[in-house]
Amino acid sequence: LAARDALLAKPLKAIARLKVIWQALASLALARRLRTQGHDHIHAHMAHVATTIAMYTAHQLRIGFSFSGHAADIFRDQSLLPEKLKRADFVRCISFWHRRHYQSLVPRPDAQYPVIRCGVKLAPDPEIKTATNGQPPLIVAVGRLVPKKGFDLLVQALHRLRQVGQQFSCHVVGDGPELDALKALANALKLGDILHFRGAMGNREVLKLLSAADLFVLPCRTDLSGDKDGIPVVLMEAMAQGICVISGDLDTIRELVTDQENGCLTPPEDVGALSSRMLNLLEDKPLRNRLAKAGQQRIAEEFSFDLNIARMQQAFCDLTSPVRGSATT
């Protein structure tokens with residue numbers, strides 16, 4: 001099966017075709033480990049390598065499989081995606097946009113493309129920030145330092161804020177191939193005293209930093225390879241913590257953030273619009289707090305961890321049928 005996929009599937013580069021064979025060999029090793037354990041379904045996260053191995057393992061064991069797609073794995077690094085969509089028992093969609101995308105490739109009933117969000121935990125007693133203790137407003141941005149996150153746009157927007165006299169400090173959390181270029185840009189714009197690159201941090205440290213933030217900014221865009229974000233989990237985490245968010249206006253992100261209702265969206269690549277919106281929110285605390293409160297409510301209603309775990313459990317339970325004869329393990 002893998003040899004046929006590697007030979008016939010489109011579009012696949014030569015190196016990717018060889019990787020399919022290698023991943024199929026890995027699936028044989030996994031199938032050998034699982035064969036005596038009684039499982040009757042495999043679910044994989046990320047639609048590329050993990051799902052390729054899950055698909056061939058399931059084929060070898062004569063059981064079902066499903067998977068969750070996210071961003072780069074279905075935009076930039078997709079491999080055998082149509083084949084996986086056809087063969088999976090169901091495909092978990094993290095957004096309605098993802099469902100429409102999958103339907104455009106392989107039409108299937110909506111029930112086989114259930115929308116199950118990437119949930120986040122709600123703070124036990126989330127509070128909207130109302131004071132800054134006399135300190136300049138704190139802007140926080142978190143993410144892998146790659147072009148699709150738009151951190152270069154953020155640096156340029158911060159420069160414009162400083163030019164108009166706005167006081168602030170900004171912490172950027174994350175690592176990635178753009179780090180040196182971003183630091184060079186910040187130095188060229190003389191932002192070294194107010195813009196701090198914190199590097200990679202653990203989730204608890206990130207949440208602690210978010211608790212002190214006045215504004216969270218992630219100006220996402222579609223990069224030159226066509227890669228873009230699905231719905232960034234860190235945006236959900238910021239909203240769950242009661243922080244007003246600004247992000248790039250991508251069709252995927254619109255399912256989380258409604259502009260001027262529970263956060264703000266700005267056109268991708270538009271530094272002027274980004275800096276203007278940041279300035280407006282930094283100067284208007286009542287507006288910032290209103291949007292933050294609405295953002296918390298949006299998370300509670302649609303993106304909470306417990307709600308989406310229940311949806312995932314239901315998707316597995318729906319696999320049970322007289323033909324299969326047992327619940328999924």
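Reckoned from all heavy atoms, side chains included, excluding hydrogens, waters and symmetry mates.
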Colleague: Checking side-chain contact (heavy atoms from CB on, under 4.5 Å) for the pair L85/R108: CA distance, chi angles, key distance, verdict?
Modeller: CA-CA 9 Å; L85 294 172; R108 294 181 65 173; 5.5 Å; no
Colleague: Looking at K149 and D223, is there a salt bridge between them, counting it only when a charged N and a carboxylate O are closer than 4.0 Å?
Modeller: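 Salt bridge absent between D223 and K149.
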Colleague: Kindly determine whether M236 and I231 satisfy side-chain contact (heavy atoms from CB on, under 4.5 Å), including the steps that lead there.
Modeller: CA-CA 8 Å; M236 304 179 211; I231 301 180; 3.5 Å; yes
Colleague: Using the rule that Ile, Leu, Val, Met, Phe, Trp and Tyr join whenever any side-chain heavy atoms are under 4.5 Å apart, tell me whether V106 and L8 fall into a single cluster.
Modeller: no
Colleague: Please name the pair of heavy atoms, one in G69 and one in I94, separated by the smallest distance, quoted to 0.1 Å.
Modeller: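 Minimum heavy-atom separation between G69 and I94: O-CG2, 3.8 Å.
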Colleague: Taking the side chain from N308 and the backbone from E302, do they hold a donor-acceptor pair closer than 3.5 Å?
Modeller: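 Yes; at least one donor-acceptor contact below 3.5 Å.
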Colleague: Would L291 and C264 satisfy side-chain contact (heavy atoms from CB on, under 4.5 Å), going step by step from the backbone distance to the final call?
Modeller: CA-CA 8 Å; L291 295 176; C264 292; 3.7 Å; yes
Colleague: Any donor-acceptor pair under 3.5 Å linking the side chain of T51 with the backbone of M46?
Modeller: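 Looks like yes, one N/O pair under 3.5 Å.
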Colleague: Would you please test D152 and R221 for salt bridge (charged side-chain N to carboxylate O under 4.0 Å, His left out) and show each step?
Modeller: CA-CA 11 Å; D152 57 318; R221 54 146 75 102; 3.0 Å; yes
Colleague: Can any side-chain N or O of S276 pair as donor or acceptor with the backbone N or O of A273 at less than 3.5 Å?
Modeller: no
Colleague: Can we say R4 and E83 salt-bridge, meaning some charged N sits less than 4.0 Å from an Asp/Glu carboxylate O?
Modeller: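 Answer for the salt bridge query: no.
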Colleague: Determine whether L105 and F65 fall in the same hydrophobic cluster, where Ile, Leu, Val, Met, Phe, Trp and Tyr are linked whenever their side-chain heavy atoms lie under 4.5 Å apart.
Modeller: yes
Colleague: Return the minimal non-hydrogen interatomic distance between G199 and V173, and the atom names on each side.
Modeller: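 Between these two residues, the closest heavy atoms are O-CG1, 3.4 Å.
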Colleague: Taking only residues two or more places apart in sequence, or in another chain, which ones meet Q260 in a side chain to side chain donor-acceptor pair (under 3.5 Å)?
Modeller: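 Q260 satisfies side chain to side chain donor-acceptor pair (under 3.5 Å) with no residue once adjacent residues are dropped.
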Colleague: Please examine the side chains of S79 and V20, heavy atoms only from C-beta on, and report whether any two atoms are closer than 4.5 Å.
Modeller: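 Side chain of V20 against side chain of S79, heavy atoms only: contact under 4.5 Å found.
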Colleague: Can you say whether the rings of H45 and H43 are parallel (under 30°), tilted (30 to 60°) or perpendicular (over 60°)?
Modeller: perpendicular
Colleague: With a cut-off of 6.0 Å (strictly less than), are more than 12 heavy atoms of other residues, nucleotides or ligands near CZ of R32?
Modeller: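 Atom CZ in R32 is not packed in, count stays at 12 or less.
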Colleague: Excluding sequence neighbours, so at least two apart, what forms salt bridge (charged side-chain N to carboxylate O under 4.0 Å, His left out) with R160?
Modeller: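 R160 satisfies salt bridge (charged side-chain N to carboxylate O under 4.0 Å, His left out) with no other residue.
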Colleague: Which is it for K84 and D5 under the salt bridge (charged side-chain N to carboxylate O under 4.0 Å, His left out) test, yes or no, and what are the steps along the way?
Modeller: CA-CA 11 Å; K84 293 166 182 174; D5 287 343; over 6 Å; no
Colleague: Would the distance check show the side chain of Q37 and the main-chain N or O of R33 forming a donor-acceptor pair, the cut-off being under 3.5 Å?
Modeller: yes
Colleague: Is there side-chain contact between V146 and P177, with heavy atoms separated by less than 4.5 Å?
Modeller: yes
Colleague: Does the ring centre of Y113 sit less than 6.0 Å away from the ring centre of H98?
Modeller: no
Colleague: Less than 3.5 Å apart, any donor N or O on the side chain of Q296 or N262 sitting next to an acceptor on the other?
Modeller: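 No donor-acceptor contact under 3.5 Å links the two side chains.
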Colleague: If you measure from the Lys or Arg side-chain nitrogens to the Asp or Glu carboxylate oxygens, is any gap between K228 and D251 under 4.0 Å?
Modeller: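 The answer is yes: the pair qualifies as a salt bridge.
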Colleague: Drop me the distance from T258's OG1 to I253's CD1, to the nearest 0.5 angstrom.
Modeller: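 The OG1 atom of T258 sits 12.5 Å away from the CD1 atom of I253.
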Colleague: For the atom pair CD1 (I42) and OG1 (T57), what is the distance rounded to the nearest 0.5 Å?
Modeller: 5.0 Å
Colleague: Rounded at 0.5 Å granularity, tell me how far CG in L279 sits from CD in Q166.
Modeller: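 The CD atom of Q166 is 5.5 Å from CG of L279, to the nearest 0.5 Å.
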Colleague: Looking at every heavy atom in both C220 and L250, which two are closest together, and how far apart are they?
Modeller: CB-CD1, 3.8 Å
Colleague: Is D214 reaching over with its side chain to a backbone N or O of L138, donor-acceptor style, under 3.5 angstrom?
Modeller: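 Yes, the answer is positive, given that a donor and an acceptor are paired below the 3.5 Å cut-off.
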Colleague: Enter the distance from Q314:CD to L319:CG here, rounded to the nearest 0.5 Å.
Modeller: 10.0 Å
Colleague: Report yes if the side chains of R311 and P114 come closer than 4.5 Å at any heavy-atom pair, otherwise no.
Modeller: no
Colleague: Do S27 side-chain atoms and I53 backbone N/O form a donor-acceptor pair below 3.5 Å?
Modeller: no
Colleague: Side chains of N280 and R277: donor-acceptor distance under 3.5 Å anywhere?
Modeller: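 R277 and N280 do not have a side-chain donor-acceptor pair below 3.5 Å.
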Colleague: Taking A71's backbone N and O only, do any of them form a donor-acceptor pair with D73's side chain (distance below 3.5 Å, no angle check)?
Modeller: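 Looks like yes, one N/O pair under 3.5 Å.
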Colleague: In the structure I gave you, are the side-chain heavy atoms of L274 and V217 within less than 4.5 Å of one another anywhere?
Modeller: yes
Colleague: Determine whether L218 and V234 make a side-chain contact, defined as any pair of heavy atoms from C-beta on separated by less than 4.5 Å.
Modeller: yes
Colleague: Ignoring hydrogens, what is the shortest heavy-atom contact between H70 and R92? Give both atom names and the distance.
Modeller: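 For H70 versus R92, the nearest heavy atoms are CE1-NH1, 4.4 Å.
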Colleague: Measuring from H159:NE2 to K190:NZ, what's the distance to the nearest 0.5 Å?
Modeller: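 Output value for this atom pair is 9.0 Å.
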Colleague: Taking all non-hydrogen atoms of both residues into account, name the closest pair between L281 and C244 and its distance.
Modeller: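 Residues L281 and C244, closest heavy atoms: CD1-SG, 3.9 Å.
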Colleague: Can R100 and D110 be counted as an ion pair, charged N to O under 4.0 angstrom?
Modeller: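 Answer for the salt bridge query: no.
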Colleague: Rounded to the nearest 0.5 Å, how far does CG of L265 lie from CG of L256?
Modeller: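 Interatomic distance, L256 CG to L265 CG, rounded to 0.5 Å: 9.0 Å.
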Colleague: Does the side chain of F316 reach to within under 4.5 Å of the side chain of F90, using non-hydrogen atoms?
Modeller: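 Counting from C-beta outward, F316 and F90 do come under 4.5 Å.
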Colleague: Which label fits H196 and H171: parallel for a plane angle under 30°, tilted from 30 to 60°, or perpendicular past 60°?
Modeller: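 If you compare the ring of H196 with that of H171, the planes turn out tilted.
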Colleague: Checking side-chain contact (heavy atoms from CB on, under 4.5 Å) for the pair R162/D193: CA distance, chi angles, key distance, verdict?
Modeller: CA-CA 11 Å; R162 188 168 213 185; D193 58 326; 2.6 Å; yes
Colleague: Could you check if a side-chain atom of L145 sits within less than 4.5 angstrom of a side-chain atom of V172, using non-hydrogen atoms only?
Modeller: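 Side-chain contact under 4.5 Å: yes.
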Colleague: Could you check whether R62 pairs with D40 (Lys NZ or Arg NE/NH1/NH2 to Asp/Glu carboxylate O, under 4.0 Å)?
Modeller: no
Colleague: If you group Ile, Leu, Val, Met, Phe, Trp and Tyr by side-chain heavy-atom gaps below 4.5 Å, do L25 and L7 land in one group?
Modeller: no
Colleague: Could you work out, with side chain to side chain donor-acceptor pair (under 3.5 Å) as the rule, every residue matching E178, not counting sequence neighbours?
Modeller: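 Not a single residue meets the side chain to side chain donor-acceptor pair (under 3.5 Å) criterion with E178.
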Colleague: Might you work through the salt bridge (charged side-chain N to carboxylate O under 4.0 Å, His left out) test for R117 and E255, ending with a clear yes or no?
Modeller: CA-CA 10 Å; R117 309 292 192 176; E255 291 190 32; 2.7 Å; yes
Colleague: Compute whether any side-chain donor of one residue and acceptor of the other, for Q297 and E301, lie under 3.5 angstrom apart.
Modeller: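 The criterion, which ignores hydrogens and geometry beyond distance, is satisfied for E301 and Q297.
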Colleague: Would you say M239 ends up clustered with L287 if hydrophobic residues are merged whenever their side chains have heavy atoms under 4.5 Å apart, either directly or through other cluster members?
Modeller: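 Cluster IDs for L287 and M239 match.
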Colleague: For F216 and I243, work out which heavy atoms get closest and say how close.
Modeller: N-CG2, 3.7 Å
Colleague: Would you mind reporting whether P232 and L235 have side-chain heavy atoms less than 4.5 Å apart?
Modeller: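 Touching, per the 4.5 Å side-chain cut-off.
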Colleague: Hydrophobic cluster membership, with links at side-chain heavy-atom distances under 4.5 Å among I/L/V/M/F/W/Y: are V142 and L207 in one?
Modeller: yes
